[in-house]
Amino acid sequence: LLMRATVRIGLGVLLATTCLTSLASAQRRITTPKEQFGFTLGDDYQLANYKQLTEYWKKLDRESDRMKLVSIGKTAEGREQWMAIIPSPANHARLDRLREISRRLARAEGLTDQQAKALAKEGRAVIWIDGGLHATEVLGSHQLMEHVYQMLSYTDEETMRLLDDVVQLVVHANPDGMDLVNDWYMRRSDPTKRTTAELPRLYQKYIGHDNNRDFYLNAMPESKNISRVLYREWYPQIMYNHHQTGPAGSVMFAPPFRDPHNHNLDPLLINTLGMVGNAMHTRFAAENKPGVVQREAASYQTWWNGGLRTTAYFHNQVGILTETIGSPTPMQIPVVPDRLVADGNGPFPIAPQPWRFRQSIDYSITANRAILDYASRYREPLLYNIYQMGRTAIAKGNEDSWTHYPKRVERLATEAAKDTMGAQSTATQRGPRSLTMRQFETWMRRPEDRDPRGYVLPSDQPDFLTATKFVNALIESGVDVHYATAAFSAGGKRYPEGSYVIRSAQAFRAHVLDMMEPQDYPNDLIYPGGPPKPPYDNAGYTLAMQM
C-alpha cells in the first residue's frame, strides 16, 4: 500500500546545473589572488565581495583541470550559489561514480557488508568545506578563496595525495550577505575608518544571523540548496562549517565539543568527531600555531539539531565547527589570565599580541588541511563507517529498541529506591550503586516506551497542508517519506488513502526521531545541586511540535 514519495519539492535544481568546467588535459598557470584582486588575501583593510569571488572562481575553473564549478541554485536575492568541486584530474573523470558510491554507502540500503567494503575501497572521501554563512564573519569567505587557490596551484606531495584521496566540495554559504557586508566595509576611502558595524539591513534577506537555525526547516533557498547537496546528492562523510569569533584570549575553538551530546546520535559518530578534532589540534601544535582551544573552553555542543553543522550529525556526517578571531582591521589578542596556563581545554596557550587577518587565514588553511589529511589517511574507514551507522539505524527501526532518555533513567533510580529488595549496595562497594536486572527490565524496557517503528500523518486531519509542508521539510533533509495509495491499518488504527508514512528504518533515523520526539535534555549542573550550565542553543527544534 505504501510507495516512496516521488514528488520532491525543490530537489531538482541541480539537474539543470550550470557547469563551467574546462577539461584541459594539462594544468595551466593558475592566477594568484593578488593578480586577481590587486591585494593578497588577508591584507589589512581589504575585502573582496561575492561578485569578485565568482569572477575569480570562473577564471580558475577555466585554468585548472582540478576544479569543476557548478551552481547549486539561486539565493534569496537571485545570485548563483557556486560550489567548487575539487578532485584530482583522474578522479575528475569519474565524479559521477564517486558520488554514487558516497550515496549508496550513506543510504546503507541493499548492501551486504562485503559489498560496502568493496565500495569503500573503490570510493573517495567526500569532504564539505564552507564559509561565510554569517556574512559579518568575513574570514570564512576569504579562507575559501585562499584554500581553492592553493588546492589548484600547489604541487607538493601532500596536496597531490589529498587531491587523489578526497573529493572536496567548497561552498560559500551566504553569497548575498558577502556582497552586502564586504561592500559596506569597503565603502569608505580612508581604510582606518572601515567597519562592518551599522549594516543597514539583514545580511540574509529574511532571517539574518538565524540562517544558521534553518537547516531542519529549509525555509530559505540557500538552506534548500545546501541540504540537497549534503543529504540528497553528495552525502559527505565530513562537513566543515567555518565561523567567527574565537573565545577571548585564544585564536580558535575547534572540537572536541563539550557534553552532553544528543542521545539519538550514533557513538561511532561521536568518537570519529573526537578523532578529527584531535587531528586538528595535533596539526596546529606541529605547525607551532598556539591558541586553539576545545571542550569546556566554549559552550559549543553536539546536542541541538537545526544548524548547518549540527543537522549533519543526525545524518551520520561528522560536523566540524571552528570559531576563529580575525578582521581586516588589525586587532589584539587580549590578556585573559585563565587562558595563559595550559590544560585540557587549551593545551597550547598563545601569548597576548597584535593579530592580523592573514594569520587567521593561515590558521583556517591549517584546519582545512588537517581534516583533509585525516580523510585521506582514513579514507576507507570513513566511507565504511557511514555505511555502518546507516545500517545500524535501519536495523533499530526494524526491531524493538529503547532510548535511554535521562528522565527514564531518573525514574528507574526513583522506583528502585522504593524497592526494599532493589539496591545491591554494600558497605565495601565503591562507585555508583548497582540495581538488579529485574528493575532494569521493569522500568527501562516497558513495551509502551519502545522507540517508534514509524509515524503516520493522516490525510484527514484538519490542517493537512501544514502536515505536507512538514513532510517536504523532512524530504529536503534527506528523509524518505511514503505515500499511502489506499486506506490501511497500523497499530490498531485505520488511516485513509493519501496519508504520509515516515518509517524509522532508514539511515537518517536520528533526524526522524529528533524532529518527532520531545527533547529530554540532561540535568547538566555546574556542581551537584547547583545551577545548570546553559545549553549552546536553548530553543527547541522538534518540528512535529511546531507544525
Side-chain angles (χ1 to χ4, degrees), residues 30-61 69 74-84 129-150 170-209 211-212 222 241-246 251 322-333 354-365:
I30 303 300
T31 301
T32 69
K34 187 169 185 178
E35 290 169 335
Q36 180 70 17
F37 303 122
F39 59 87
T40 299
L41 293 172
D43 280 356
D44 294 349
Y45 304 109
Q46 296 291 333
L47 290 177
N49 61 21
Y50 186 72
K51 181 180 179 181
Q52 292 171 300
L53 177 149
T54 298
E55 292 171 349
Y56 186 41
W57 280 8
K58 286 182 177 180
K59 178 180 289 188
L60 294 179
D61 186 49
L69 187 65
K74 298 284 188 179
T75 67
E77 296 180 7
R79 292 172 176 83
E80 297 286 353
Q81 189 168 12
W82 296 108
M83 176 168 71
I129 301 174
D130 68 57
L133 182 66
H134 295 154
T136 51
E137 300 171 5
V138 295
L139 172 62
S141 57
H142 285 63
Q143 64 82 24
L144 280 185
M145 291 185 284
E146 178 67 25
H147 175 76
V148 169
Y149 165 70
Q150 291 189 15
V170 184
V171 182
H172 194 291
N174 183 7
D176 298 343
M178 183 179 179
D179 270 348
L180 171 67
V181 170
N182 295 13
D183 288 347
W184 182 257
Y185 180 86
M186 294 295 292
R187 76 191 189 282
R188 290 197 172 108
S189 57
D190 183 351
T192 63
K193 294 182 179 179
R194 290 174 180 167
T195 178
T196 60
E198 299 178 348
L199 284 167
R201 61 180 178 84
L202 294 173
Y203 50 72
Q204 198 285 342
K205 185 175 181 180
Y206 300 105
I207 52 176
H209 199 77
N211 61 357
N212 200 28
E222 296 90 345
N241 183 214
H242 283 263
H243 278 274
Q244 290 185 269
T245 183
V251 176
T322 55
E323 298 273 351
T324 312
I325 66 171
S327 169
T329 302
M331 56 187 299
Q332 178 85 22
I333 295 178
W355 196 258
R356 312 308 267 269
F357 197 36
R358 181 65 204 192
Q359 292 172 279
S360 294
I361 290 178
D362 291 340
Y363 269 63
S364 299
I365 298 299

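- Residue N182 comes nearest to A135 through the heavy atom pair OD1-O, 4.4 Å, listed as atom of the first residue, atom of the second, then distance.
- Residues R194 and P328 have side chains not in contact (no heavy-atom distance under 4.5 Å, counting atoms from C-beta outward).
- L202 has its side chain out of reach of I207: every pair of non-hydrogen atoms, C-beta onward, lies at least 4.5 Å apart.
- The two atoms that bring V170 and V148 nearest to each other are CG1-CG2, 3.8 Å, heavy atoms only.
- Of all heavy-atom pairs spanning S364 and L139, the tightest one is OG-CD2, 3.6 Å.
- A distance of 10.5 Å separates OG1 in T329 from CD in Q46, rounded to the nearest 0.5 Å.
- Using a distance-only test at 3.5 Å, with no hydrogens or angles considered, a donor-acceptor pair links the side chain of N174 to the main chain of L133.
- For the pair H142 (side chain) and A48 (backbone), a donor-acceptor distance under 3.5 Å is present.
- Contact check for Q52 versus M178: no side-chain heavy atoms found under the 4.5 Å cut-off.
- Test I325, D43, V138 against F357 for side-chain contact (heavy atoms from CB on, under 4.5 Å) and you get one pass: V138.
- Checked by atom type and distance alone, the side chain of Q36 never pairs as donor or acceptor with a backbone atom of T31 at under 3.5 Å.
- Residues Q359 and V251 fail the side-chain proximity criterion, which asks for heavy atoms closer than 4.5 Å.
- For D183, the salt bridge (charged side-chain N to carboxylate O under 4.0 Å, His left out) criterion is met by no residue, not counting sequence neighbours.
- Between atom CD of residue E146 and atom CD1 of residue I365 there is a gap of 5.5 Å, rounded to the nearest 0.5 Å.
- Listed by chain and residue number, nothing satisfies the side chain to side chain donor-acceptor pair (under 3.5 Å) test with Q332 (two or more places apart in sequence, or in another chain).
- With rounding to the nearest 0.5 Å, the separation of NE2 in H134 from CG in N241 is 8.0 Å.
- Q143 places none of its side-chain heavy atoms less than 4.5 Å from the side chain of D362.
- Distance alone, capped at 3.5 Å, places no donor-acceptor pair between the Q81 side chain and the K74 backbone.
- Between T322 and H242 the shortest side-chain heavy-atom distance falls below 4.5 Å.
- Listed by chain and number, the residues in a salt bridge (charged side-chain N to carboxylate O under 4.0 Å, His left out) with D176 are R79 (sequence neighbours excluded).
- A donor-acceptor pair is defined here as one N or O able to donate and one able to accept, closer than 3.5 Å; such a pair exists between the side chain of Q244 and the backbone of T324.
- Counting all heavy atoms, side chain and backbone alike, T54 lies closest to W82 at CG2-NE1, 3.2 Å.
- Rounded to the nearest 0.5 angstrom, E323 CD and T245 OG1 are separated by 7.5 Å.
- Residues forming a side chain to side chain donor-acceptor pair (under 3.5 Å) with W355 (at least two apart in sequence, or on another chain): S360.
- Listed for the D44 side chain is no donor-acceptor partner under 3.5 Å among the backbone atoms of R356.
- Closest of all the heavy-atom pairs between P191 and S189 is CD-O, 3.1 Å.
- Taking CD of Q204 as the reference point, atom NE2 of H209 lies at 12.5 Å (rounded to 0.5 Å).
- Counting only heavy atoms from C-beta outward, the side chains of F39 and P33 never approach each other to under 4.5 Å.
- For T195 (side chain) and A197 (main-chain N/O), a donor-acceptor pair under 3.5 Å exists by modelled atom type.
- Applying the ring-ring contact (aromatic ring centres under 6.0 Å, His included) rule to pairs touching residues 172-204 yields Y50-H172, sequence neighbours excluded.
- With sequence neighbours left out, Y149 forms a ring pair (Phe, Tyr, Trp, His ring centres under 6.0 Å) with no residue at all.
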Which is it for E222 and K205 under the salt bridge (charged side-chain N to carboxylate O under 4.0 Å, His left out) test, yes or no, and what are the steps along the way?
-> CA-CA 11 Å; E222 296 90 345; K205 185 175 181 180; over 6 Å; no
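- Considering every non-hydrogen atom in both Y206 and A76, the closest pair reads CE1-CB, 4.0 Å.
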Please step through salt bridge (charged side-chain N to carboxylate O under 4.0 Å, His left out) for the pair R201 and E77, ending with a clear verdict.
-> CA-CA 13 Å; R201 61 180 178 84; E77 296 180 7; 3.0 Å; yes
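- Under the 30°/60° scheme for interplanar angles, the aromatic rings of F37 and Y56 are found to stand perpendicular.
- Rounding to the nearest 0.5 Å gives a distance of 7.5 Å between CG of L53 and CG of L144.
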